[in-house]
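Note on naming: letters A, B, ... go to the chains in the order of the sequence lines (proteins, then strands), and numbering restarts at 1 for each one.
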There are 2 protein chains.
Amino acid sequence: MGDTGSKRTRQDRRPGGNDVARLAGVSQKTVSRVFNGESNVSADTRDRVLAAAQTLGYRPNGAARALLTGRTHRLGVVALGTSHFGPSSLLVALERAARTINYALSIANSFEDDPSGLAEAVDNLLAQGVDAVILSEPVDDGDEPLVVDVPVLTLGAAPVVHAPTVLSVRAAEGGDAAAEVTRHLLELGHRTVHHIAGPQRWWAARERLQNWQDTLIAAGAEVPQAVEGDWTAARGYAAGKALARDPGVTAIFAANDEMAIGVIHALHEAGRSVPGDVSVVGFDDIPVAAHVWPPLTTVSSDNAELATVGLTYLVDFLNNPDSPPAPPPKHVHNLVVRASTSRPPTAGEEAHRA
Amino acid sequence: MGDTGSKRTRQDRRPGGNDVARLAGVSQKTVSRVFNGESNVSADTRDRVLAAAQTLGYRPNGAARALLTGRTHRLGVVALGTSHFGPSSLLVALERAARTINYALSIANSFEDDPSGLAEAVDNLLAQGVDAVILSEPVDDGDEPLVVDVPVLTLGAAPVVHAPTVLSVRAAEGGDAAAEVTRHLLELGHRTVHHIAGPQRWWAARERLQNWQDTLIAAGAEVPQAVEGDWTAARGYAAGKALARDPGVTAIFAANDEMAIGVIHALHEAGRSVPGDVSVVGFDDIPVAAHVWPPLTTVSSDNAELATVGLTYLVDFLNNPDSPPAPPPKHVHNLVVRASTSRPPTAGEEAHRA
DNA sequence: CCTCACGATGTCTACGTAGTCACAATGTCT
DNA sequence: AGACATTGTGACTACGTAGACATCGTGAGG
């Protein structure tokens, strides 16, 4: 990289703890104490130091601190480079949670179009020097297991990772959302529920598929072949076209809202009414979900809760590797019933359409 | 913060340049040379160093490097904590662009609900030690101008910022998208175009409003009162309810897709057909835009281009503060015409509806 | 063959911070 | 009043890296 950057001169260099110390008439060590909130500093000294720092525009140098302590106070998040609402609102929640506990966040995206993307993203984070890595939307890379030399936190299901420690935060048992969606549709009277799954390298997508299937089996319903989508409305639309041709389909559960909207688009085009002929449910409760036609029944997630619980868990561990075994984090999902679901058409109605 | 972290012992410390040097039988300085790609290193030595580094799992310590050079190779992005598609896909693009030029990205969100959010976010970035700050979606804070002690890059219009340098990247003149949208609707035969603006603290929203207005005036069309929204579908829906009552409204330009979708929702509920009675245009081309009913005419943006041009500009400046005056960056917007726009209803059709 | 330039490598050092320990001043307890 | 704890402070140092400069060997030019 064609850097011209040469060594800084005495003049343009930012003020350091020594400059503040000189101005306040104390030692550099005392300045350090003040800025770390240590207790044994007299109120008078503290005030003088803070005043001097204010005057000089002093900021503690994070690099020096990191060099000395070996801790960067930075967490790395591996994201997937998608702008889908679910993942990106989770990132926002993570940043917010990190800031409140005084940690910085680095995000590295693993792009779908790059085969070695995951490992590369992790490497990038490790090169930056992070205290831990968070897999915000765990996926399988297909290839070798991920190797990380700092603790790892996974939100949701955990893929295979080689790391000194792997922590995991996931929804409490029983409160499973995909199962709830499936049950909701069955209770409305649908014989079975079709599923448009997310890409199966995503653990979240796998879980939804699994829970959907388990619920159908538990209810003694037939388990139709699921279709694998890629989270996009376009793929949902394609899948919807196929499903629209099958008059036996009366209920569809899409693994996210975008695919659900694509499905509805296809159903409309095929002249099938939603929810008159077919009920559709999405997942994520994206902002437009309430305003598409018909307003979409979906599942909203409390990402703030997930982020807070996850980060607290992780940072507690970093500060004290052996005390709390595992706080019971609960990730709240809520079924939001809107207008895209209803009872299945009666035999008469079906005949009328056919 | 209840840190237990004590000083690392010789054992658990990560390998450093000295360890690699010892193993490779060279000096630490030579290791440094190898990892910085300096030229005066023999191929043989380089290989031995790389092999030793590989064996030990050595990674250059960014904190030490930053401490010495005064450059962190990290850029700070101030985002707005929204999960809207436009902003978040821009962030993804920025991260990707930054990575290709070997920079790390820190994101700090400024939350709408926090009054001093902007300044706080910037402060957070400065405390982390960034080489520059990027305002990805410039807004006005209302309060005092922002004070930053590193160079600043703004994408789009530039608010008032006190910084050593303020660079700005914006769409090339003439290629304005909001004007194009307005012209598109006028050319279809609409007498005028109503506008649902974004929050006016966002410079992007102001620009769209301004360009819409200028275009109407240039065309000699009446300029209706614009409604100010907040980017959400809910607010678009509310605004749409009011507009639906006015039979004179035949064309609506919403400042983003979500509001457009809300508007369409309201129009549908009021029994007004889109685009039969009213044409609607959005902005951003969010993924579901092609799949809502009717598929939405909107404007897509090349965020990757914007991010690449902006970062290149910024980093060139950081490396050499006085060479290139200003590369001419062009930000490509594209009008995507779908099914939500058409000619206005004829007098007869209007009468029929009324 | 001597000088000089240049390539390859090493030595020494500073960057700004916080751990460790020392130590003075001021209590506090018997 | 003497021993001793407590509080506030400073001196010294290491962290891992890259800049400045020194040194050594080798080949080219006179």
Side-chain angles (χ1 to χ4, degrees), chain A residues 1 3-49 53 56-73 127-129, chain B residues 1 3-49 53 56-73 127-129:
Chain A
M1 320 268 112
D3 268 57
T4 301
S6 61
K7 195 153 201 169
R8 290 157 298 159
T9 62
R10 283 246 153 255
Q11 286 71 21
D12 69 353
R13 140 183 158 276
R14 302 193 50 97
N18 270 307
D19 305 289
V20 175
R22 205 171 312 119
L23 182 57
V26 298
S27 73
Q28 174 266 320
K29 177 69 222 204
T30 297
V31 174
S32 161
R33 278 193 260 258
V34 169
F35 277 86
N36 287 297
E38 294 181 27
S39 48
N40 287 343
V41 181
S42 72
D44 176 61
T45 305
R46 178 183 311 277
D47 291 347
R48 260 182 308 135
V49 168
L56 298 178
Y58 168 75
R59 277 178 206 285
N61 182 316
R65 177 180 283 163
L67 175 57
L68 188 55
T69 62
R71 302 271 301 263
T72 56
H73 256 69
Q128 290 182 39
Chain B
M1 329 260 108
D3 268 58
T4 301
S6 60
K7 196 153 200 169
R8 290 156 298 161
T9 62
R10 285 247 152 254
Q11 287 71 22
D12 68 355
R13 152 186 147 270
R14 303 192 48 98
N18 271 307
D19 305 291
V20 176
R22 204 171 313 120
L23 183 56
V26 298
S27 73
Q28 174 267 320
K29 176 70 223 203
T30 297
V31 174
S32 161
R33 278 194 260 259
V34 169
F35 277 86
N36 287 296
E38 295 180 27
S39 48
N40 287 343
V41 181
S42 73
D44 175 61
T45 305
R46 178 183 312 278
D47 290 348
R48 258 183 310 134
V49 168
L56 297 178
Y58 167 75
R59 279 179 205 283
N61 181 316
R65 176 182 283 163
L67 175 57
L68 188 55
T69 62
R71 302 270 302 263
T72 56
H73 257 69
Q128 289 182 39

- Message: Ignoring hydrogens, what is the shortest heavy-atom contact between A:Pro15 and A:Gly57? Give both atom names and the distance.
- Response: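 Here A:Pro15 and A:Gly57 meet closest at CG-O, 4.0 Å.
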Using whole Å, report how far [atom1] of [X] lies from [atom2] of [N].
| X | N | atom1 | atom2 | result |
| --- | --- | --- | --- | --- |
| B:Arg65 | D:dG19 | CZ | C1' | 14 Å |
| A:Gln28 | C:dA14 | CD | P | 16 Å |
| A:Leu68 | C:dA14 | CG | P | 18 Å |
| B:Leu67 | D:dA14 | CG | C1' | 12 Å |
| A:Glu38 | D:dG10 | CD | P | 13 Å |
| B:Asn18 | C:dT13 | CG | P | 15 Å |
| B:Asn36 | C:dT9 | CG | P | 16 Å |
| B:Arg22 | D:dG16 | CZ | P | 11 Å |

Can you sort out the partners of [X] under side-chain contact (heavy atoms from CB on, under 4.5 Å), two or more places apart, ordered by chain and number?
| X | result |
| --- | --- |
| B:Arg33 | B:Lys29, B:Thr30, B:Glu38, B:Val41 |
| B:Asp47 | none |
| B:Asn40 | none |

- Query: Can you name the salt bridge (Lys or Arg N to Asp or Glu O under 4.0 Å) partners of A:Arg59, sequence neighbours left out?
  - Reply: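 B:Asp123.
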- Item | All salt bridge (Lys or Arg N to Asp or Glu O under 4.0 Å) counterparts of B:Arg65, not counting sequence neighbours |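 Counting only residues at least two positions away or on another chain, B:Arg65 forms no salt bridge (Lys or Arg N to Asp or Glu O under 4.0 Å).
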- Taking only the side-chain heavy atoms of A:Thr69 (C-beta and beyond), determine which of C:dA18, C:dG16, D:dA18 contains the nearest atom.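 Between C:dA18, C:dG16, D:dA18, the one nearest the side chain of A:Thr69 would be C:dA18.
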- Message: By nearest atom, which of the nucleotides C:dT17, C:dC15, C:dA18 is closest to the A:Pro60 side chain?
- Response: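 Among the listed nucleotides, the one closest to the side chain of A:Pro60 is C:dT17.
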- Query: If you round to the nearest 0.5 Å, how far is CG of A:Asn61 from CG of A:Leu68?
  - Reply: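 Rounded to the nearest 0.5 Å, the CG-CG separation comes out at 11.5 Å.
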List, with names and distances, any nitrogen or oxygen atoms from the protein found under 3.5 Å away from nitrogen or oxygen atoms belonging to nucleotides 6-9 of chain D.
residue: D:dG8; atom: OP2; partner: A:Asn40; partner atom: OD1; Å: 3.3
residue: D:dT9; atom: OP1; partner: A:Ser42; partner atom: OG; Å: 3.3
residue: D:dT9; atom: OP1; partner: A:Thr45; partner atom: OG1; Å: 2.4
residue: D:dT9; atom: OP2; partner: A:Ser42; partner atom: N; Å: 2.9
residue: D:dT9; atom: OP2; partner: A:Ser42; partner atom: OG; Å: 3.4
residue: D:dT9; atom: OP2; partner: A:Thr45; partner atom: OG1; Å: 3.2

- Item | Angle between terminal axes - the helix from C:dC1-D:dG30 to C:dT30-D:dA1, 5 pairs each end, rounded to 10° |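 The two end axes of the helix from C:dC1-D:dG30 to C:dT30-D:dA1 meet at 40°.
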- Which is true for B:Phe35 with a 4.0 Å heavy-atom rule: it touches a base, it touches only sugar-phosphate, or it touches nothing?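 The answer is nothing, as B:Phe35 stays clear of every strand by at least 4.0 Å.
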- Query: Who are the side-chain hydrogen bond (donor to acceptor under 3.5 Å, both in side chains) partners of B:Asp19, not counting sequence neighbours?
  - Reply: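 With sequence neighbours excluded, B:Asp19 shows a side-chain hydrogen bond (donor to acceptor under 3.5 Å, both in side chains) to B:Arg13, given in chain and number order.
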- Task: With sequence neighbours left out, write down each residue that passes side-chain hydrogen bond (donor to acceptor under 3.5 Å, both in side chains) with B:Gln28, or none if nothing qualifies.
- Result: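 side-chain hydrogen bond (donor to acceptor under 3.5 Å, both in side chains) list for B:Gln28, sorted by chain: empty.
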